[in-house]
Amino acid sequence: MTRLTYREALKQGLREALQSSDKVFLLGEDVGRYGGSFAVSKGLLQEFGPDRIMDVPLSESGFTGAGIGAALGGMRPIVEIMTVNFSLLAMDQIVNNAATLLHMSGGQLNVPLVIRMSCGIGRQLAAQHSHSWEPLFAHIPGLKVVSAGTHEDARKMIMAALLDPNPVILFEYTAMMNLEADMEDPLPAVDLSKAKLRKSGKDLSLITYGSGVYKCLHAAGELAKEGMEVEVLDLRSLRPIDTEAIVASVRKTHRALMVDDAWQSVSISSEVSARIMENCFYELDAPVQRLNGLEVPMPYPKHLEDAAIVQPSQIVNKVRQMLG
Amino acid sequence: MTAQEQTMKADASLKMKLLRQMLLIRRFEEKSAEMYTKEKIRGFLHLYIGEEAVATGVTAALSPDDNVLATYREHGQALARGVDPGAIMAEMYGKQEGCSLGRGGSMHLFDAKTKFYGGNAIVAGHLPMAVGMALADKKMKRNQVTCCFFGDGAAAEGEFHEAMNLAALWQVPVLFVCENNLYAMGTALKYSHAVTDLEKKAPGYGIASATVDGMDVLAVLDAAHKAVDTIRTTGKPYFLVCQTYRFRAHSMFDAELYRDKNEVDEWKERDPVTRLEEQLTAEVALSADDVLKMKKEVEQEVDRSVDFAEKGTWEPVDQISRYVYK
Ligand SMILES: Cc1ncc(C[n+]2csc(CCOP(=O)(O)OP(=O)(O)O)c2C)c(N)n1
Ligand SMILES: [Mg+2]
């Protein structure tokens, strides 16, 4: 067992990826000399040199497109978009090139590219810097979209994403950077396509991903003290979504509550809810419920920000209601 | 007398005004840093210390009818534009008495009455908007200038290049002001740009450009007057590059691994505030007492802004969904 912060887990994952092949290189804004905007890549420039750890100018569309090109050319780039907030500048490259080339070329050209981006919510960064845009990417056929809601995934998802022949979008969470957790060393590889039960229970399914995972585990712990056995399903893969795992959980608990910070309308939670209706409606003892971020651009003051994102106490209250 | 000649003859009182303005920005920023460590200000905070001459000089060449757009490092521009210091400090506290009602914080200062249009935290995101504002002025036959501040890093973004081309294509009155402080976060100019003389990017688009010592407020004022005069008479865009330096970290989270302390110290020798202060003391026999008095006034003004912010109130949570739609 070793004890690592989420940041160290990400760095270890990156290091393993870089060590796995000379074709792997990291490119992104301030990944090298600055040490990474969240210090994830700090020290890697010294370890691997400037050809493997490439600082790029502010030009999200440009360097993401270059990453796609390099992948087509046989390299295995890892593109870091500093935060999800800036990903819209690269969206055209991601959607119109990375996600579509395989199909448009009749299967001739695949894009084995990993794009990492961190999501920073809950740090009073206001409207332009607090986005939860997993649903935007999960909407796009041709992409794989995964979300590292635990230390294990922070450490192992990068390598799994690299081994995938498709473009993979990997979400990381800034609010968790300093969180510590124990993990096995070495840690076995992870399967990118499967959801994972982080805690099992028989009374209700909390279905979540990303920054919701630890929140839900915390809430489940509180509820256990009151005798409620709630299970926590971490979706991990947001495209494709592991419908089987969702159905299996609902069959067991007969109640489902979706939890995530993204805006609710047309979101992952809408999608999961629809899949439950389609696949196991008759298993439900209560309507599916959802807790999401409030549908406003993120306000700056702490009290309003807290009100705009899902709090563990809200999860606890909602579950009590649903079981009460 | 042309505006240019006026600048040349900038009298003592104008220079005093410029000095006071720069002192206010300097002191305000130092206070902001202090309030950040006291956790009164949260989120991201980007300080303008070292770059005061740019906002001060450029803004002094504008008229109140002109539009101003800036980045997340915009407290200096907002102050120079005349946005109330109390309203800025309250905004950084997140109080509803702030210039954006507390919704925006440090990176999103807005003040429609002084035509200060933010406060944009997506690098280069405001350049196309500036072109559009100038286009509206042109269509509505208003003889106004839109002044858009941004960094050297922003000049690498596609939006910079698209905005330059559109502005030239449409011949709109926009002043692009690049605050070249040599770094985009931790990425030095030479790692961002193949051609580091940024003013050279303009001619390719058919835009007139100039570069100026951004540590010399009088030089900046002069260059800005020239630029604004040109824009007002021709209706065409103009690109002004101000060579400057930030004395502080990029934001409050920056360990500054990417630059040498000596480099920072060398630039501090060129402190724009001290420079004008010394010049004024020599030229117009500004006495040490006068300077002290000015500093004291500025100090009081900054303290008042903090008092105002402290006394401000929190917006009730039940109003959170306001301002999503009009
Ligand atoms: C589109 C976009 N990409 C990345 C960032 C993160 N970021 C914020 S400021 C900054 C550096 C900008 O440098 P520059 O334009 O030179 O302005 P300065 O901060 O030096 O004033 C970066 C990379 C951002 N806010 N927006
Ligand atoms: Mg800069």
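Side chains included, hydrogens not; waters and symmetry mates left out as well; all remaining heavy atoms used. Numbers restart at 1 for each chain; the letters A, B, ... are given by sequence-line order, proteins then strands.
Checking B:Y245 against B:E263 by side-chain atom types alone, a donor-acceptor pair falls below 3.5 Å. Between B:H193 and B:K201, the side chains place a donor N or O and an acceptor N or O closer than 3.5 Å (distance only, hydrogens not considered). Under the 3.5 Å distance criterion, with hydrogens and angles disregarded, a donor-acceptor pair is assigned to the side chains of B:Q77 and B:E179.
For B:M107, the part lying under 4.5 angstrom from a heavy atom of chain A is the side chain only. Heavy atoms of B:I41 lying under 4.5 Å from chain A belong to its backbone as well as its side chain. With a threshold of 4.5 angstrom between heavy atoms, A:E295 approaches chain B through N, CA, C or O but not through any side-chain atom. For chain A, the nearby part of B:E159 is the side chain; its heavy atoms alone come within less than 4.5 Å. Looking at A:L89, the atoms closer than 4.5 Å to chain B (heavy atoms on both sides) all sit in the side chain, from C-beta outward. Residue contact with chain A, scored on non-hydrogen atoms closer than 4.5 Å, is absent for B:A155. Interface residue A:A308: backbone and side-chain heavy atoms are both found under 4.5 Å from chain B. In this structure, chain B has heavy atoms under 4.5 Å from both the backbone and the side chain of A:L304. When heavy atoms are compared at a cutoff of 4.5 Å, A:K302 does not approach chain B at all. At a 4.5 Å heavy-atom cutoff, B:Y183 makes no contact with chain A through either its backbone or its side chain.
For a heavy-atom cut-off of 4.5 Å, chain B lies close to A:A126, A:Q128, A:H129 in residues 126-140 of chain A.
Classification of B:K261 and B:E256 as a salt-bridged pair fails, no side-chain N sitting under 4.0 Å from a carboxylate O. B:E34 has no carboxylate O lying under 4.0 Å from a charged side-chain N of B:K40, or vice versa, which leaves the two without a salt bridge.
Two residues are said to be in side-chain contact when any heavy atoms from C-beta on lie closer than 4.5 Å; A:E8 and A:V40 fail this criterion. Residues B:D254 and A:Y34 have side chains in contact (heavy-atom distance under 4.5 Å, counting atoms from C-beta outward). A 4.5 Å side-chain heavy-atom check between A:M54 and A:V31 finds every atom pair outside the cut-off. The shortest distance between side-chain heavy atoms of A:R123 and B:R42 does not fall below 4.5 Å.
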Using the side chain to side chain contact (heavy atoms under 4.5 Å, CB included) rule, take A:R15 and A:L44 through it: C-alpha gap first, then chi angles, then the decisive distance, then the call. CA-CA 8 Å; A:R15 182 179 284 125; A:L44 295 183; 4.2 Å; yes
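For the pair A:R33 and B:Y191, the cation sits on the ring face: its NZ or CZ lies under 6.0 Å from the ring centre, inside 45° of the axis.
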